[in-house]
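To start, the structure itself, in structure tokens.
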2 protein chains.
Amino acid sequence: MTFIRDMDMTRAAIDHRLHAFRGRCGELGLSLTPQRLAIYQVLASDDSHPGAEDIYRRIKPDLPSLSLGTVYRTLELFEEHGLVSRVHAFGDQARFDANLDSHHHLVCIRCRRVIDFQDAQLERLPVKPEGLNGFRVLTHRIHLLGVCHRCQTDA
Amino acid sequence: MTFIRDMDMTRAAIDHRLHAFRGRCGELGLSLTPQRLAIYQVLASDDSHPGAEDIYRRIKPDLPSLSLGTVYRTLELFEEHGLVSRVHAFGDQARFDANLDSHHHLVCIRCRRVIDFQDAQLERLPVKPEGLNGFRVLTHRIHLLGVCHRCQTDA
DNA sequence: GTAGATGCAAAATGTTTGCTCTAAT
DNA sequence: ATTAGAGCAAACATTTTGCATCTAC
């Protein structure tokens, strides 16, 4: 059974993620239950940043015993171990991302899609320490808000 | 009665905001009820980005009839009319900001403070359209995550 | 008296938690 | 047997909503 929905991710890229995931789980001593694997598989194969409920709904038919609580607990576990990251694009539900490369997000205000976006220029921001008032910056998040290609043509 | 808590904002700056606020409300045809004024006053005088509940708690003693629902409705109204903006720094509650100048946020991962941060360099990002895949960028949000000055010295 | 604003409580939403049961060592 | 994980339901936090009441013109 697979949990692949759209073809954003190529088969090869998905397999690469899954392979890395299995490896990391081994190193971390995390057991690979069918639930965990299914949850990760959804995220690895879909770059649309699904939320917990989305993930649950997609797996449920193939794994009817799955409970939503497990999805939440598993996503938190994954996040704690750096296997996925959490995106708060809008105020509502958290959405998850298996893309661990440094990247930012395009956030479509019309359809609420969140699209990964990579740009070397944005990896280090030209922030002058004067304005920071002693704040020690560890990392940064950039959201570019706008209208995605699909929504522009649809309208 | 005043709702000023900390002295981030100078009296003059607060008055300036309040004045502009009254003006905009007039233009927009929004009635200035005591509740609305009190809610705006909290935001105008406190740059710590309080949430709805915070605002409610701070006004309640002076205006005991106030209900939390009104706070939510009012904040939404203000946001719709561009009088305040909404910040989703963490996944939990939304936080609000009367600072309408273009700015970004320093987000302290320890104490969860959100600090306004202005930097002319960051107003236009060097984003090359190639990576955008047709996405039309309208605006951007930058969160610098790290540890604020207070938390560094406390620790 | 009409329209808009408020208060209150219920509902909706998203998430976390406690507890029990199961499964794997 | 012990222990981690899963399922279930209740609890929780935040926000939204419906409706009755109030207030200002």
Side-chain angles (χ1 to χ4, degrees), chain A residues 21-22 25-43 49-81 83-96 112 114, chain B residues 21-22 25-43 49-81 83-96 112 114:
Chain A
F21 172 73
R22 286 169 181 281
C25 284
E27 289 166 30
L28 294 162
L30 298 180
S31 45
L32 266 174
T33 66
Q35 290 86 342
R36 291 182 182 175
L37 205 49
I39 291 166
Y40 187 81
Q41 210 172 129
V42 169
L43 286 169
H49 306 78
E53 186 90 38
D54 297 325
I55 296 169
Y56 173 70
R57 266 200 308 274
R58 260 193 264 164
I59 300 171
K60 188 76 175 173
D62 295 285
L63 219 147
S65 77
L66 182 71
S67 92
L68 184 56
T70 296
V71 175
Y72 275 105
R73 268 196 269 246
T74 301
L75 289 169
E76 190 176 354
L77 180 85
F78 287 175
E79 194 196 12
E80 277 167 5
H81 289 89
L83 299 165
V84 304
S85 67
R86 195 183 289 252
V87 185
H88 297 292
F90 303 95
D92 49 8
Q93 0 99 275
R95 298 167 64 167
F96 296 85
R112 306 197 135 208
V114 174
Chain B
F21 172 73
R22 287 170 181 280
C25 284
E27 289 165 31
L28 294 162
L30 298 180
S31 45
L32 266 174
T33 65
Q35 291 86 341
R36 290 182 181 174
L37 205 50
I39 291 166
Y40 187 82
Q41 209 172 129
V42 169
L43 286 169
H49 306 79
E53 185 90 37
D54 296 325
I55 296 170
Y56 173 71
R57 266 200 309 273
R58 259 193 266 165
I59 301 172
K60 188 76 174 171
D62 295 285
L63 220 147
S65 78
L66 182 71
S67 92
L68 185 55
T70 296
V71 175
Y72 276 104
R73 268 195 271 243
T74 301
L75 289 168
E76 191 176 354
L77 181 85
F78 287 175
E79 194 196 13
E80 277 167 5
H81 289 90
L83 298 165
V84 304
S85 67
R86 195 183 288 253
V87 186
H88 298 291
F90 302 95
D92 49 9
Q93 1 100 275
R95 298 168 64 168
F96 295 85
R112 306 197 136 208
V114 174

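Just so it is clear: chains get the letters A, B, ... in the order the sequence lines come, proteins before strands, and each one is counted from 1. FYI, side chains are in, hydrogens and waters are out, and symmetry mates aren't considered; it's all heavy atoms of this structure.
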Got a sec, which residues hit salt bridge (Lys or Arg N to Asp or Glu O under 4.0 Å) with A/E76, two or more places apart in sequence or on another chain?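 Expected list: none.
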
Look up atom [atom1] in [X] and atom [atom2] in [Y], then write down how far apart they are to the nearest 0.5 Å.
X: A/I55; Y: A/K60; atom1: CD1; atom2: NZ; answer: 15.0 Å
X: B/L83; Y: B/R36; atom1: CG; atom2: CZ; answer: 10.0 Å
X: A/R73; Y: A/S67; atom1: CZ; atom2: OG; answer: 7.0 Å
X: A/D54; Y: A/F96; atom1: CG; atom2: CZ; answer: 10.5 Å
X: B/I39; Y: B/I59; atom1: CD1; atom2: CD1; answer: 5.0 Å

Could you tell me from which nucleotide to which nucleotide of DNA chain D, 5' to 3', there is an atom under 4.0 Å from chain B heavy atoms?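 The contacted stretch runs from D/dT14 to D/dG18.
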
First encountered from the 5' end of DNA chain D, between B/A94 and A/P64: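 Per heavy-atom nearest nucleotide, the more 5' residue is A/P64.
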
Cation-pi between A/R112 and A/F90: NZ/CZ under 6.0 Å from ring centre and within 45° of the ring axis?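 Positive - A/R112 is close enough to the ring of A/F90 and near enough to its axis.
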
Kindly assign one of parallel, tilted or perpendicular to the pair A/Y40 and A/F78, based on the angle between their ring planes and the thresholds 30° and 60°.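 The rings of A/Y40 and A/F78 stand perpendicular, inter-plane angle above 60°.
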
Quick one: label B/E53 by what it contacts on the DNA or RNA (base, sugar-phosphate, nothing), any heavy atom closer than 4.0 Å.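 Answer is nothing: B/E53 stays at 4.0 Å or more from every strand.
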
For B/R36, which contact category applies under a 4.0 Å heavy-atom criterion: base, sugar-phosphate, or nothing?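 The answer is sugar-phosphate, as B/R36 gets under 4.0 Å only of primed atoms, P, OP1 or OP2.
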
Residue closer to the 5' end of DNA chain C, B/L77 versus A/G51 (nearest nucleotide):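 Upstream on the strand: B/L77.
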
For DNA chain C, which nucleotides open and close the run of contacts to chain A, 5' to 3', at under 4.0 angstrom from a non-hydrogen atom?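 First and last nucleotides in contact are C/dG14 to C/dG18.
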
